[in-house]
Amino acid sequence: VTVTVSATASHPIPTTLWGQMFEDISHSGDGGLYAELLQNRAFQQVTPNTAAALNAWHSINGAALSVVADTVPVSSALPNSLQLTIPAGRTGPVGVGNEGYFGIKVAAGSTYTASFHYRFPTASSFRGSVTVGLQTSAGKSLVSTSVPITAASTAWTLVNVTLHPTASAASTANNFTVTLDGAAASGQTVHFAIFSLFPPTFKNRPNGMRVDIATTLSEMAPSFFRLPGGNNLEGQTVAQRWQWNATVGPLLSRPGRVGDWGYVNTDGLGLMEYLNWCEDLNMQPIMAIWSGFALGGTSVAEADLEPYIQQAIDQINFVIGDPATSSAAALRASLGHPAPFTLNYVEVGNEDFFAPSTYTYRWHDFVTALTAEFPNIHFIATTDTFDPILSPNPLQYDVHVYQTPTWFAQNSFFYDGFERNATKYFEGEYAAISTNASDIFGTPADGRFTFPTMQSSTGEAAFMTGLERNSDIVFSASYAPLLNHVANSQWTPNLVSFDAGNVYPSTSFYVQKLFSLNRGDEYIPSTLPTPAGTLFWSVVRKTSTREIIIKISNTVGTAAPVTFVLPFATVATTGSAQVLTGAETASNTPTTPNLVVPKNSTIPTGKTFSYTAPAFSVSVLTLVAH
Ligand SMILES: O=S(=O)(O)O[C@H]1C[C@H](O)[C@@H](O)[C@@H]1CO
């Protein structure tokens, strides 16, 4: 095929085009990006005196454990404590262990910060010591330290220790342990609250992000970060919705919530952490507000919306308000960020095509009130586009699609036919997730991908060439879901997988990275691909370097020769090629983590040059031309 490139750009490409969608699903946050290593660290949202309340905790050497609703809770937000009784007649360390989020990585040279609160429910003359450590699941100590513990009062005492393992553990099958000497502490009962164990964090932020996952996500230079969901914004009930104010301030003040993906969210990764993260990666938030619909099916009646609208106003004021006039903004300032954060886009709900009939008043009442308060914010609607008709008329919609690789390859022209009527589109969630067109959301046995493959990733890349061509109306796009812990996932495939020890960037991640790191600031029209074909491309110009950047996706198993004809007076005779290619079913997985990674080379270029796109490949060709 011959591709003739135009001499003039059709439109500028928005700087917000490529980014990331985040929510706490498959332990993307707790047990993933959020660096806390202990699972169920504060016994949040559990039923006392049940085995489930002790999830991830186990007894060491006969300690009697139970989660109790403390008569003197460590804080009103954290009513539960771990009650530990040392039985008589024990010798050696007796206490409690935590298995982490399906393992704990212990690396020599890393400093681990551990903490917990303790109190004796009965004061006594007991004085002893408590040993805090990391050990293999077989009980071999990796590192430990001891600190005094006293029953002089029944008040809560905070213990902070640092741990410096001198050897790395052979695997992630390790436990965090807190023990007392069985003989010396025989018969003692101690209450513990909010344990914590942190490794070093990204940019050393307190209560921050896991370095390896954060670093991987930063590698694709995302321009935006959608938060906090996705379904996980919504709650199964109105009371279980995500509430910004429950996720900020001291961890002692954060009650956590029952997330929408089957596990308790600590909310240690809260709105302030999200906003600091956005600043650390130089990306802007696309922040959602709860819009009055819970996933169990409840829509708040219009007459009852006001408190939720006020909560949304406070949430946005926390992000951009003036501390002198808004208490929410003053709270932000008190947490270390007096200046407003960047915020241009607020999404009103999530996938409200599930509740369109009430979205008409919910959208209207939220956006009318919020626009009056924040006239510069762009509000994004989440129903199907123009169905139902909404007032005020949305200028942005969030469009989601999960489909087969073939669908993506054959729908790269999805936006070409959209009316240019000032409406802009956020392709907020897209991914090829199954080969089975009649059962997209089925199981792997039905064709569902566990990890992206070169078939799914080239399909997505084809679709993305269309998003780039239509970036006059598509302002943002993000693959979803972003992250999953391979030991506990509620959804596959995902862009980046991880376990307690490592991160596994997928083939689709490398596609996102290739598009995001090779952006143009203007789109250059060229011969259009055949919509129902198998080879797709987009041409952009990076004006600062006078480079032409050509992205090509070959979605099938035969190499595709393509000739480019450029109209420019000066065209470099060599250019660079960044190529991701592999077998149709090739995936990067924990056992084959780097099976398919981009490879760089130089290629001959010129006013007319030919290139052969390998089978199942995504190529980025870059050359200076003007
Ligand atoms: O069950 S779904 O609605 O398909 O869930 C999808 C859509 C929702 O926004 C997001 O949270 C989730 C996976 O990314």
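Worth saying up front: this structure is predicted, and the values here are computed from it rather than measured. Numbering of ligands and ligand atoms starts at 1, following listing order.
- For the residues Arg226, Glu351, Glu234, the heavy atom positioned nearest atom 3 (O) of ligand 1 is part of Glu351.
- A salt bridge links Glu273 to Arg254: one of the charged nitrogens lies within less than 4.0 Å of a carboxylate oxygen.
- Among all protein heavy atoms, the one lying closest to atom 9 (O) of ligand 1 is Glu429 OE2, 2.7 Å.
- In this structure, the protein non-hydrogen atom closest to atom 14 (O) of ligand 1 is Tyr402 OH, 2.8 Å.
- A search for side-chain contact (heavy atoms from CB on, under 4.5 Å) contacts involving Thr342 returns Gln284, Asn344, not counting sequence neighbours.
- Only the side chain of Asn350 comes within contact range of ligand 1, with a heavy atom under 4.0 Å; no backbone atom does.
- In this structure, Asn436 and Thr404 have side chains that are not in contact, with every pair of non-hydrogen atoms separated by 4.5 Å or more.
- Only side-chain heavy atoms of Trp261 come within less than 4.0 Å of ligand 1; its backbone N, CA, C and O stay farther off.
- By the criterion of a heavy-atom distance under 4.0 Å, the side chain of Glu23, and not its backbone, is placed next to ligand 1.
- Ion pairing between Lys424 and Asp472 fails under the 4.0 Å rule for side-chain N and carboxylate O.
- At a cut-off of 3.5 Å, with distance as the only test, a side-chain donor of Asn231 or Asn350 sits close to an acceptor on the other residue.
- Heavy atoms of Pro481 approach ligand 1 to within less than 4.0 angstrom.
- Of all protein heavy atoms, the one lying nearest to atom 5 (O) of ligand 1 is Asn231 ND2, 3.4 Å.
- Residue Gly230 has at least one heavy-atom neighbour below 4.0 Å for each of these atoms of ligand 1: 9 (O), 11 (O).
- Between Arg226 and Asp398, at least one side-chain N (NZ, or NE/NH1/NH2) sits under 4.0 Å from a carboxylate O, which counts as a salt bridge.
- Remark: ligand 1 and Trp491 share no N or O pair separated by less than 3.5 Å (distance only, no angle test).
- A cation-pi arrangement is absent between Arg469 and Trp537 under the rule of less than 6.0 angstrom and at most 45 degrees off the ring axis.
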